[in-house]
Each structure stands twice: as C-alpha cells, then as structure tokens.
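Keep in mind it's a predicted model, so treat the numbers as computed, not measured. Below, chain A is the first sequence line, B the second, and so on; all start at residue 1.
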There are 2 protein chains.
Amino acid sequence: MDAQVLSKRTMAEQVADLLRQRILSGALPAGTPIRQEPLAAELGISRIPLREALKQLEAEGFVTIASHKGATVAPLSVAEIEELFQLRLRLETWMLGLALPRLAEADFAALDQLIAEQRAPDSLPRWGELNWRFHEVMYRPADRPLTLKMLKRIHDNIDRYLRLEISLSAGRNRAYREHEDLLAHCRKGDVAVALDLLERHIQQTANSLIDHLRARETAVAAD
Amino acid sequence: MDAQVLSKRTMAEQVADLLRQRILSGALPAGTPIRQEPLAAELGISRIPLREALKQLEAEGFVTIASHKGATVAPLSVAEIEELFQLRLRLETWMLGLALPRLAEADFAALDQLIAEQRAPDSLPRWGELNWRFHEVMYRPADRPLTLKMLKRIHDNIDRYLRLEISLSAGRNRAYREHEDLLAHCRKGDVAVALDLLERHIQQTANSLIDHLRARETAVAAD
DNA sequence: GTTTTGTAGATTGTATACAATATTCATTTA
DNA sequence: TAAATGAATATTGTATACAATCTACAAAAC
C-alpha cells in the first residue's frame, strides 16, 4: 500500500501541486498575476488554503508575493538563470564525482530506460520530469539528500524557461546525445571524462537557453 | 528614509521574524513542538498569520510541519550538518574566488570593524550574526545574489547548533584568529592561500562542532 | 496642461467560527 | 496482563466575515 495515496492530503498541498504544475507546464507564464478570490472560486475552496499554497510556491521560487499587492508567477532574469546554471555546474559535478563509484547495474539500467522514454515521440510534455529523473538517478548514490533537493528546485526553475527552447527539438536531440555519451563513460567508470562531459552538457544547455532568451529579449524590445 | 521601516509589515512577517529569532537564539531548541492556539494567544493574534509564519519558517528549514499533527522546531541530524558544511565548502570557496579580485578598501575596512566587534566582550549573543556578516561582506562582490541567499540560510541553520559549542570560547577564539589570518591574505591578494585558509576554516569549524555533537549524543545515549 | 488630492472599488490581511483529523485514556476483550 | 476498541478531548484545517491597504480615476488646484 502506498502511504502517500492513503494519507489525506490537505487542500493547501493539493492546490500547491496544481499551481506548480501549471507554472512548470507554461500554462501560467512568468509575470502572470495570481488573484486570490477568483482562483479560489475556480478551485472551489476558500482563500486560506490558497494563500498557504502560494507561500509554499514562493519558497520554491515559483511565485513572488508582495504584501497587500498580491502574488505573481516569479520571473527570472537572464542573470539569475546564468547563476542557477553555475550552481548546477558546481553542485552536480561534485555529486557525480561522489556517486560515480557507487553507481550499480540497476542504476545504469534505469538510466537506459529513461533515455529510451525521452526519445519516445510523445514525451515532449514530460521533458522536464524525464530530464530531472535522469540526473537524479545519477546523483542519488552520492547520498546527499539536502543537496539533491536543492538541485531539484534549481532544475524546476530553469525548466520552465528551458521548455520554450526545448520545444524546438534541435536542443532536445543534442541533450539526448549528451546524456547517452555521459552514461557510456559512467559505465566505463571513467571519472575524469564523465565529469568533463557533464560540465560541457550543463554549459551547452546554459548557452543555448541564454542565447535564445537574449534573442527573444531584443525581439520584444524592438516591438 | 528607509522604505523598510516605513512599509507596514504584515503580522505574519513579524511573527516569522520573532520565531526565527527565538529559534536562532536557542530559546526554542530543536524538537520543541509549536502549538498554534496558545502561541497565537501569547502573541495576541489569530492562528491565520501564525500559520503563514510557520510555513515561511518551514521553507527556511527551521520548522517541520506535519499535516494534522502540527509544527516542531526542525532537528538536524549530524549527517545533515555535515552535508551543510560540505555545501558551504563548495559554495564559499567558489564565491571567495570570484569576489577576491573585486574586494575594495571599503570592504577590508568593514571586515576589520567586524572582527573588532566580534572580539568585544559582550558580543556573544550576536555571534551568529557577526560571523555571517563577516563572510557575507567577503562574498558580496562575487555578485551572485541567489547563492548568497542560499548561504545565509545554510549559515543560520548551522548556527543554531554552533551556538552550543561556540559558547565555550575556545572555538570562538580559534574562529577569530582564522578570520584575521584569512583577511590578511585577502588583502595581499593571495588567492591560493586565501582559498586554502577558507577551506580549512570551514573544515575546522565543522570538525569541532561535529565532535561536540557526537560527544553529546553518546552522553545522552548513556543516560 | 500638469500635478495633486480625494474618494470608490478592488484586493489582500486577519479574526472568528466551525469541520476534520489526531490523540488520549478509560473500557472491553482475548 | 496485554492488546483492541471507542468515546472524549485536543489540535489542526478551512470557510466565512470583516478590517486594512492599495489602485484607479475623477475633481480640484496650480
């Protein structure tokens, strides 16, 4: 039996999950104001649990709350996105270095499976989730749960911007190839090469996203 | 005029600050259950803003909330404290490397001032704050605001345990000497030595705290 | 015409009241 | 005696109602 399913979840928790999904999926893009009364009415609840959900999402970096003014979907500046990628670089190379010697055959099999799922034709809406799970499986043996939680938060915040760019499929195919390459070298236990590939993978992702965002920025400014 | 002072702060914010202070000062030690009704009554408010404050503190890592069971001051395991120190090591050496070439004379003066304050006889209750400000001034020129915020959170969570050990004054004096040493080499612009000293400073702090905690743990277990 | 002021409406913040869940402890049963 | 049951109590979760604050726009002052 799954305890999560059985345990009565609170309204605030369910609402937080729902809104998080809407933000990650792009249904609520950055900057969207969140009015409490209409949203609570739509969800059929009062504003109290909604406010608690918003506080939770604020802590996760998805929402900005200004006293007496309300909540909006948090925008990330290009500088902040760059910083998040730099954090990923530092933390993930550390984690992979710790985890690599402890990766077992079951982990490699799971990673193969995830790459296959990512390549499936209808996987696009689950791209962010599958991408994170790939990285998570690699880092979990490092046995650093707080760091892993931090990394998930960083990934999620990046992903809602990456989504725009990854739908173009060119970057997506590159990411899959890099995952395969990285996995192959992890299997061989080639630590130095694996860390180098991971570093480049993160760098590449950062560069293509930031180029894309800068292009959009100037396009918007030219309007 | 200071906008912060003028802006009307919400009850939830004030309560969060108050509780955070009580937790950091040790007035509310780890594991203490937080009952909403009595606490709200003591503060002269309703449970609604108190609940929002608790949600905020949960996000900051100071409080654990279990549905329908209530909130407690979050305990940190020795393993989690070790992980937090390892995160500090990675993030702070990175930050100092970025910041060092950009540290100006005004920064060095501020750091001198902070060491002097730390050495003042009545500074013990402000130890955590002064210690963080010393590190913060060093890292701020790195211009990585998200990382800086993350580090503050880590420092605060460590500090409420460090407080127990630092009151013994032996470790405190060691910390001050290490700060002075580190500052001297930063002034000289000696990057390699400064990074090495910072690394050792964090390691030393971690070791003495963890030894202390392990000793207490076995002492308690022997009860 | 521009800026300032003031008021009405919209929106958030919080108190109160009630519902849902968990805990405690006396009672029963094996 | 020990485990199981269940009602009484305590505690948290949420709806409703009201207070405080902000926003937008019209009127007044310069």
Side-chain angles (χ1 to χ4, degrees), chain A residues 1-20 22-23 28-75, chain B residues 1-20 22-23 28-75:
Chain A
M1 289 205 288
D2 192 339
Q4 281 300 72
V5 171
L6 289 185
S7 82
K8 326 257 171 182
R9 306 190 58 230
T10 176
M11 281 297 164
E13 287 166 350
Q14 296 181 53
V15 171
D17 288 349
L18 179 71
L19 290 180
R20 191 185 300 106
R22 287 192 184 175
I23 293 171
L28 291 176
T32 308
I34 300 178
R35 292 282 95 90
Q36 296 173 8
E37 191 92 41
L39 183 51
E42 177 200 330
L43 302 177
I45 58 171
S46 82
R47 283 167 49 227
I48 303 291
L50 172 56
R51 286 173 63 86
E52 295 193 1
L54 289 173
K55 206 103 194 26
Q56 172 73 34
L57 293 172
E58 183 190 32
E60 293 173 14
F62 298 125
V63 155
T64 306
I65 301 178
S67 322
H68 299 287
K69 291 192 174 182
T72 57
V73 180
Chain B
M1 289 208 287
D2 193 338
Q4 283 299 75
V5 172
L6 288 185
S7 81
K8 327 255 173 184
R9 304 190 59 232
T10 175
M11 280 298 164
E13 287 167 348
Q14 295 181 53
V15 170
D17 288 349
L18 179 71
L19 291 180
R20 191 185 300 107
R22 286 192 184 175
I23 292 171
L28 291 176
T32 309
I34 299 177
R35 292 280 96 92
Q36 296 174 6
E37 191 93 41
L39 182 51
E42 176 200 329
L43 302 177
I45 59 169
S46 80
R47 284 168 46 225
I48 303 291
L50 171 56
R51 287 174 62 86
E52 295 192 2
L54 290 174
K55 205 101 193 27
Q56 173 72 33
L57 294 173
E58 183 191 34
E60 292 173 13
F62 299 125
V63 155
T64 306
I65 301 179
S67 321
H68 299 287
K69 292 195 173 179
T72 57
V73 180

K.L.:
Rounded to the nearest Å, what distance is computed from the CG atom of residue B:Leu43 to the P atom of nucleotide C:dG13?
P.N.:
19 Å
K.L.:
Among the candidates D:dC22, D:dA17, C:dA15, find the nucleotide nearest to the side-chain atoms of B:Ile45.
P.N.:
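Closest nucleotide among those given: C:dA15.
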K.L.:
Give the rounded distance in Å between these two atoms: CD of B:Glu52 and P of C:dT12.
P.N.:
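Distance, rounded to whole Å: 12 Å.
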K.L.:
Nearest whole angstrom, please: distance from the C1' of D:dA20 to the NE2 of A:His68.
P.N.:
7 Å
K.L.:
Tell me the interatomic distance from A:Ile65, atom CD1, to C:dT11, atom P, rounded to whole angstroms.
P.N.:
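Rounding to the nearest Å, CD1 of A:Ile65 and P of C:dT11 are 17 Å apart.
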K.L.:
Would you check if there is a donor-acceptor pair between the side chains of A:Glu52 and A:Gln56 at a distance under 3.5 Å?
P.N.:
no
K.L.:
Can a side-chain donor-acceptor contact be found between B:Thr64 and B:Glu58 if the only test is distance below 3.5 angstrom?
P.N.:
no
K.L.:
Is the phosphate of C:dT12 approached by A:Arg35 (side-chain N or O, under 4.0 Å from OP1 or OP2)?
P.N.:
yes
K.L.:
Could you tell me whether the phosphate oxygens of C:dT14, OP1 or OP2, come under 4.0 Å of any side-chain nitrogen or oxygen in B:Ser46?
P.N.:
no
K.L.:
For a quick check of understanding: with a heavy-atom distance under 4.0 Å over all strands, which category does A:Ile34 fall into, base, sugar-phosphate or nothing?
P.N.:
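Touches sugar-phosphate only.
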K.L.:
Please pick, from C:dT14, D:dT21, D:dT12, the nucleotide with the shortest atom-to-atom distance to any side-chain atom of B:Arg47.
P.N.:
D:dT12
K.L.:
Nearest-Å distance, CD (A:Glu37) to P (C:dG13)?
P.N.:
13 Å
K.L.:
Looking at A:Thr10, does any N or O in its side chain come under 4.0 Å of the phosphate oxygens OP1/OP2 on D:dT14?
P.N.:
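Answer is yes, contact under 4.0 Å.
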K.L.:
Can you tell me the distance, in whole Å, between the CZ atom of B:Arg9 and the C1' atom of D:dA20?
P.N.:
17 Å
K.L.:
Could you check whether B:Arg47 and B:Gln36, counting side-chain N and O atoms only, form a donor-acceptor pair closer than 3.5 Å?
P.N.:
yes
K.L.:
Ignoring backbone atoms, establish whether A:Gln36 has a side-chain N or O less than 4.0 Å from OP1 or OP2 of C:dA10.
P.N.:
no
K.L.:
More 5' along DNA chain D: B:Ala71 or A:Ile48, using each one's nearest nucleotide?
P.N.:
B:Ala71
K.L.:
Taking atom types as they are modelled, is there a donor-acceptor pair under 3.5 Å from the base of C:dG13 to the side chain of A:Arg51?
P.N.:
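When only heavy-atom distances are counted, A:Arg51 does not reach the base of C:dG13 through any donor-acceptor pair under 3.5 Å.
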K.L.:
Rounded to the nearest angstrom, tell me the gap between atom CD in A:Gln56 and atom P in D:dG13.
P.N.:
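Distance check: A:Gln56 CD to D:dG13 P gives 13 Å.
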K.L.:
Could you state the interatomic distance from CE (A:Met11) to CD1 (A:Ile48), rounded to the nearest 0.5 Å?
P.N.:
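Reported value, rounded in 0.5 Å steps: 14.0 Å.
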K.L.:
Tell me the interatomic distance from A:Glu13, atom CD, to D:dT12, atom P, rounded to whole angstroms.
P.N.:
15 Å
K.L.:
So do the side chains of B:Leu57 and B:Ile65 get within less than 4.5 Å of each other, counting heavy atoms only?
P.N.:
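Not in contact.
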